[in-house]
Engineer: 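I am attaching a structure below and will ask some questions about it afterwards.
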Amino acid sequence: MADQEKHQYAVAALMHHNNLLQLALHQVKMSKAESKKKRKRRGRKWWVRPWLGRRPQVGVYDKLMAELRAEDQASFHNFLRMPREMFDELRQRVGPRITKKDTRFRPALDPGMKLALTLRHLASGDSYASQKFGWRVPHNTQSQVVREVCHAILDEYLDEMLTCPSTPEEWKEVADKFYQRWNFLQGFFSIVLLALVDSDYKFVWADLGGLGSASDAQIYNSSELKHGAEEDLLGFPQPTPLPQDTTDAPYFYIGDDAFALRSYMMKPYSLRGVSQEERIYNYRLSRARRVVENAFGILANRFQVILGTMPHKPETVKLRVNTCLVLHNLMRVRYPSLKNQQLDQQASPEEDFVPGAWRDDFNLEDTQVVAGTNTATKEAKKQRNLIKHWVNSSAGAVDWQDRMV
């Protein structure tokens with residue numbers, strides 16, 4: 001009988017314990033529900049912070065840019081790295097792509113403001129956190145805006161402003177202009193980013209997929225540009241005689257010593273034991289190659305965001321750089337005389353070479369000659385010798401070249 005009483009007592013104690021546990025759990029749930037109800041009743045402290053709400057009265061776009069537009073065109077240009085007319089064109093063409101409808105919570109951002117904020121970010125390289133106070137736009141909103149505007153600019157202008165030649169006639173036009181302006185025949189210049197640049201400092205092709213740890217040659221070797229040249233997929237013209245000559249020569253890129261010498265890639269002779277004729281060839285090639293150095297210099301001078309470290313995902317970085325390339329080309333097409341003071345100057349071949357102002361401000365690794373492995377083919381060496389003889393012959397020589405080396 002004693003054992004049965006003990007068992008009943010133990011069962012009663014266990015049930016009492018379970019009841020207490022259930023009560024405690026219920027109290028916790030009630031406490032959480034009450035807390036949640038209080039938070040819901042209390043609501044947000046701000047839906048929009050008051051100083052953000054005063055954007056139309058004192059923000060950069062509505063206040064400062066309006067003053068610069070009306071009173072100081074030079075400062076407007078300096079602020080966005082483009083004249084007012086260029087900004088107006090962008091706003092007209094890109095604006096419809098970035099226009100949003102107002103919601104019941106807040107009005108949509110003005111498309112002109114979104115464009116101006118993005119252009120200023122690309123031009124200055126300022127972080128979203130530092131821009132939010134002047135523009136009165138939260139940093140997380142800026143991140144969305146910049147991506148949206150960059151996509152819109154590329155959608156609107158990419159096919160128009162960054163199109164690689166694809167037919168013999170288009171490639172020949174680029175080569176002819178190089179010969180007319182820079183006295184070098186049948187060539188194009190390639191360099192990492194990796195990019196092709198024409199004779200007017202415009203980018204015609206770019207590869208933004210290379211890793212920063214890779215060398216110029218590694219990135220080029222894995223690019224579609226090299227594959228296209230080797231497989232004859234780029235639409236190059238057939239080899240033609242050099243001007244005032246009878247020997248056919250293929251069309252080719254111009255590169256520095258980081259690239260392997262090939263029939264489609266001409267580069268300088270080694271500086272060791274170089275002859276007078278080879279020095280003249282190197283000078284004529286470097287004169288044409290200088291175009292791309294200036295193109296990169298002007299690009300970096302205008303869009304300083306590409307000079308710093310961008311704390312973004314690789315695809316976002318590519319988006320920004322592609323946008324800068326398109327805007328650079330757009331400026332060269334619409335306003336070719338702008339930024340010419342930043343270029344290397346040489347009024348005539350007889351006058352001294354004056355380095356462009358961009359060289360004083362930036363030291364771009366991409367413009368430095370990097371020694372590479374000499375894996376030249378026999379045909380490429382033969383072609384380089386042919387061009388060397390041509391630039392030193394009566395058919396290809398210019399009367400001032402001997403004084404320049």
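Heads up: numbering here begins at 1 and tracks the sequence. Here the structure is a predicted model, which is why all the values come from computation and not from measurement.
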Engineer: Do the non-hydrogen side-chain atoms of Gln131 and Val137 ever get within less than 4.5 Å of each other?
Structural biologist: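 Contact flag for Gln131/Val137 side chains = no.
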Engineer: Will you find, in the side chains of Arg54 and Gln57, an N or O donor that is under 3.5 Å from an N or O acceptor?
Structural biologist: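 The answer is no; no qualifying pair exists.
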Engineer: Do side-chain atoms of Gln73 reach the backbone of Arg69 as a donor and acceptor pair under 3.5 angstrom?
Structural biologist: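 Checked: pair present.
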Engineer: Can Arg290 and Ser286 be counted as having a side-chain donor-acceptor contact under 3.5 angstrom?
Structural biologist: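 On atom types as modelled, these side chains do not qualify, holding no pair under 3.5 Å.
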Engineer: Step through it carefully: locate the ring centre of Phe296, locate the ring centre of Phe203, and say whether they are under 6.0 Å apart.
Structural biologist: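 Yes, the ring centres sit under 6.0 Å apart.
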Engineer: Looking at Arg332 and Asp200, is any side-chain nitrogen of the basic one under 4.0 Å from a carboxylate oxygen of the acidic one?
Structural biologist: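 The answer is yes: the pair qualifies as a salt bridge.
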Engineer: Do Lys267 and Asp256 make a side-chain contact, defined as non-hydrogen atoms from C-beta onward lying under 4.5 Å apart?
Structural biologist: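 In short, these two side chains do not touch, never coming nearer than 4.5 Å.
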Engineer: Please determine whether ring pair (Phe, Tyr, Trp, His ring centres under 6.0 Å) holds for the pair Tyr253 and Phe236, giving the CA-CA distance in whole Å, both sets of side-chain angles, and the decisive distance to 0.1 Å.
Structural biologist: CA-CA 11 Å; Tyr253 309 131; Phe236 272 15; 5.8 Å; yes
Engineer: Checking the side chain of Arg120 only, and the main-chain atoms of Leu80 only, is there a donor and an acceptor separated by less than 3.5 Å?
Structural biologist: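 Checking the backbone N and O of Leu80 against the side chain of Arg120, no donor-acceptor pair under 3.5 Å is found.
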Engineer: Hey, mind stepping through Tyr269 and Asp257 against side-chain hydrogen bond (donor to acceptor under 3.5 Å, both in side chains) and telling me if it holds?
Structural biologist: CA-CA 8 Å; Tyr269 284 97; Asp257 201 47; over 6 Å; no
Engineer: About how many Å separate NZ of Lys114 and CG of Leu119, when rounded to the nearest 0.5 Å?
Structural biologist: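 The NZ atom of Lys114 is 13.5 Å from CG of Leu119, to the nearest 0.5 Å.
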Engineer: Using 4.0 Å as the upper bound for N to carboxylate O, is an ion pair formed by Arg91 and Asp110?
Structural biologist: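 No, no charged N to carboxylate O under 4.0 Å.
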Engineer: Go through Leu242 and Thr247 one step at a time and tell me if the side chain to side chain contact (heavy atoms under 4.5 Å, CB included) criterion holds.
Structural biologist: CA-CA 7 Å; Leu242 303 177; Thr247 305; 6.0 Å; no
Engineer: Does the pair Val204 and Val174 meet the rule for a side chain to side chain contact (heavy atoms under 4.5 Å, CB included), with working shown?
Structural biologist: CA-CA 10 Å; Val204 299; Val174 176; 5.5 Å; no
Engineer: Can a donor-acceptor pair be found, under 3.5 Å and without considering hydrogens, that links the side chain of Gln142 to the backbone of Tyr128?
Structural biologist: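 Yes: the side chain of Gln142 pairs with the backbone of Tyr128.
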Engineer: Find the distance between OG (Ser166) and CH2 (Trp205) and round it off to the nearest 0.5 Å.
Structural biologist: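 Those atoms lie 14.5 Å apart.
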Engineer: Could you tell me whether Tyr264 and Phe259 have their ring centroids closer than 6.0 angstrom?
Structural biologist: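 No; Phe259 has its ring centre 6.0 Å or more from that of Tyr264.
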Engineer: If we only count heavy atoms from C-beta on, is the Asn282 to Leu271 side-chain gap below 4.5 Å?
Structural biologist: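 Contact flag for Asn282/Leu271 side chains = yes.
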Engineer: How close do Tyr201 and Ala295 get, heavy atom to heavy atom, and via which atoms?
Structural biologist: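 In terms of heavy atoms, the two residues are closest at O-CB, 3.7 Å.
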Engineer: Determine whether a donor-acceptor pair (N or O, by modelled atom type, separation under 3.5 Å) exists between the side chain of Asn329 and the backbone of Met161.
Structural biologist: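 Looks like yes, one N/O pair under 3.5 Å.
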Engineer: Is there a side-chain contact between Lys132 and Thr141 (heavy atoms, below 4.5 Å)?
Structural biologist: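 Not in contact.
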Engineer: Could you pull out the closest heavy-atom pair between Arg81 and Asn301, with the gap in Å?
Structural biologist: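 Smallest interatomic distance, heavy atoms only, reads NE-O, 3.7 Å.
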Engineer: Between atom SG of Cys150 and atom CG of Asn322, what is the distance when rounded to the nearest 0.5 Å?
Structural biologist: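 It is 9.5 Å, given to the nearest 0.5 Å.
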Engineer: Rounded at 0.5 Å granularity, tell me how far CZ in Arg302 sits from CG in Leu327.
Structural biologist: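 Going from the CZ atom of Arg302 to the CG atom of Leu327 covers 9.0 Å.
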Engineer: Please check if the side chain of Gln383 supplies one atom and the backbone of Ser263 the other of a donor-acceptor pair under 3.5 Å.
Structural biologist: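 Checked: pair present.
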Engineer: How far apart are the C-alpha atoms of Phe178 and Glu173, what are their side-chain angles, what is the distance that settles it, and do they pass the side chain to side chain contact (heavy atoms under 4.5 Å, CB included) test?
Structural biologist: CA-CA 9 Å; Phe178 251 105; Glu173 181 181 359; over 6 Å; no
Engineer: Return the OG1 to NE2 distance between Thr323 and His121, rounded to the nearest 0.5 Å.
Structural biologist: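 So the gap between those two atoms works out to 10.0 Å.
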Engineer: Quick one: does Phe87's side chain get under 4.5 Å of Leu115's, heavy atoms only?
Structural biologist: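 With C-beta onward as the side chain, the pair touches.
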Engineer: Under a 4.0 Å threshold between the charged nitrogen and the carboxylate oxygen, would Glu315 count as salt-bridged to Arg147?
Structural biologist: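 Salt bridge between Arg147 and Glu315, a charged N being under 4.0 Å from a carboxylate O: no.
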Engineer: Do the non-hydrogen side-chain atoms of Gln92 and Asp88 ever get within less than 4.5 Å of each other?
Structural biologist: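 Side-chain contact under 4.5 Å: no.
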Engineer: Would you say Leu319 and Leu154 make side-chain contact, with heavy atoms under 4.5 Å?
Structural biologist: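 Sidechains of Leu154 and Leu319: in contact.
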Engineer: Test your reading of the model: is there a side-chain donor-acceptor pair from Asp245 to the backbone of Pro241, 3.5 Å cut-off?
Structural biologist: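 Not a single qualifying donor-acceptor pair exists.
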Engineer: If you define the side chain from C-beta out and look only at heavy atoms, does anything of Val149 sit under 4.5 Å from Leu117?
Structural biologist: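 Answer no - side chains too far apart.
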Engineer: Before you tell me yes or no, could you show the steps for Lys226 and Glu231 under salt bridge (charged side-chain N to carboxylate O under 4.0 Å, His left out), namely the whole-Å CA-CA distance, both residues' side-chain angles and the distance that decides it to 0.1 Å?
Structural biologist: CA-CA 8 Å; Lys226 182 188 178 193; Glu231 302 298 327; over 6 Å; no
Engineer: So which pairs with a foot in residues 134-162 pass ring pair (Phe, Tyr, Trp, His ring centres under 6.0 Å), sequence neighbours left out?
Structural biologist: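 For residues 134-162: none.
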Engineer: Looking at residues at least two apart in the chain, or sitting in another chain, which of them share a salt bridge (Lys or Arg N to Asp or Glu O under 4.0 Å) with Arg84?
Structural biologist: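 Listed in chain order: nothing, the list is empty.
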Engineer: Indicate yes or no for a side-chain donor-acceptor contact from Ser130 to the backbone of Ser127 under 3.5 Å, with no hydrogens or angles considered.
Structural biologist: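 Looks like yes, one N/O pair under 3.5 Å.
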Engineer: Between Asp62 and Pro56, which heavy-atom pair has the shortest distance, and what is it?
Structural biologist: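 Result for this residue pair: CB-O, 3.3 Å.
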Engineer: Is it the case that the ring center of Phe303 lies less than 6.0 angstrom away from the ring center of His328?
Structural biologist: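 No, ring centres 6.0 Å or more apart.
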Engineer: Applying ring pair (Phe, Tyr, Trp, His ring centres under 6.0 Å), run through His389 and Tyr281 and close with a yes or a no.
Structural biologist: CA-CA 8 Å; His389 292 309; Tyr281 164 89; over 10 Å; no
Engineer: Between Gln304 and Ser124, which heavy-atom pair has the shortest distance, and what is it?
Structural biologist: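 Answer, listing the atom of Gln304 first, then Ser124: CB-O, 4.1 Å.
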Engineer: Main chain of Lys388, side chain of Asn392: is a donor-acceptor contact present, judged purely on distance under 3.5 Å?
Structural biologist: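 Indeed, once roles are kept as given, a pair shorter than 3.5 Å links the two residues.
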Engineer: Which atom pair, heavy atoms only, marks the closest approach of Leu386 to Asp248?
Structural biologist: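 Result for this residue pair: CD2-O, 3.9 Å.
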Engineer: Using only atom types and a distance under 3.5 Å, with no angle test, would you say the side chain of Asp198 pairs donor to acceptor with the backbone of Lys202?
Structural biologist: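 Checking the backbone N and O of Lys202 against the side chain of Asp198, a donor-acceptor pair under 3.5 Å is found.
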Engineer: To the nearest 0.5 Å, tell me how far Leu330 CG sits from Leu162 CG.
Structural biologist: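 Atom-to-atom, Leu330:CG and Leu162:CG are 11.5 Å apart.
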Engineer: Arg334: which residues meet the salt bridge (Lys or Arg N to Asp or Glu O under 4.0 Å) condition with it, sequence neighbours left out?
Structural biologist: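 Salt bridge (Lys or Arg N to Asp or Glu O under 4.0 Å) list for Arg334, sorted by chain: Glu89, Glu160.
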Engineer: Within a reach of under 6.0 Å around NZ of Lys63, are more than 12 heavy atoms found that belong to other residues, nucleotides or ligands?
Structural biologist: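 No, the 6.0 Å shell around NZ holds no more than 12 heavy atoms from other groups.
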Engineer: How close do Ala380 and Met266 get, heavy atom to heavy atom, and via which atoms?
Structural biologist: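 Scanning both residues, the minimum pair turns out to be O-CE, 3.8 Å.
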Engineer: Go through it in stages, so that I can follow the logic: the residues are Glu85 and Tyr335, the test is side chain to side chain contact (heavy atoms under 4.5 Å, CB included), and I'd like the CA-CA distance, side-chain angles, deciding distance and then a yes or no.
Structural biologist: CA-CA 10 Å; Glu85 294 78 11; Tyr335 305 94; 2.9 Å; yes
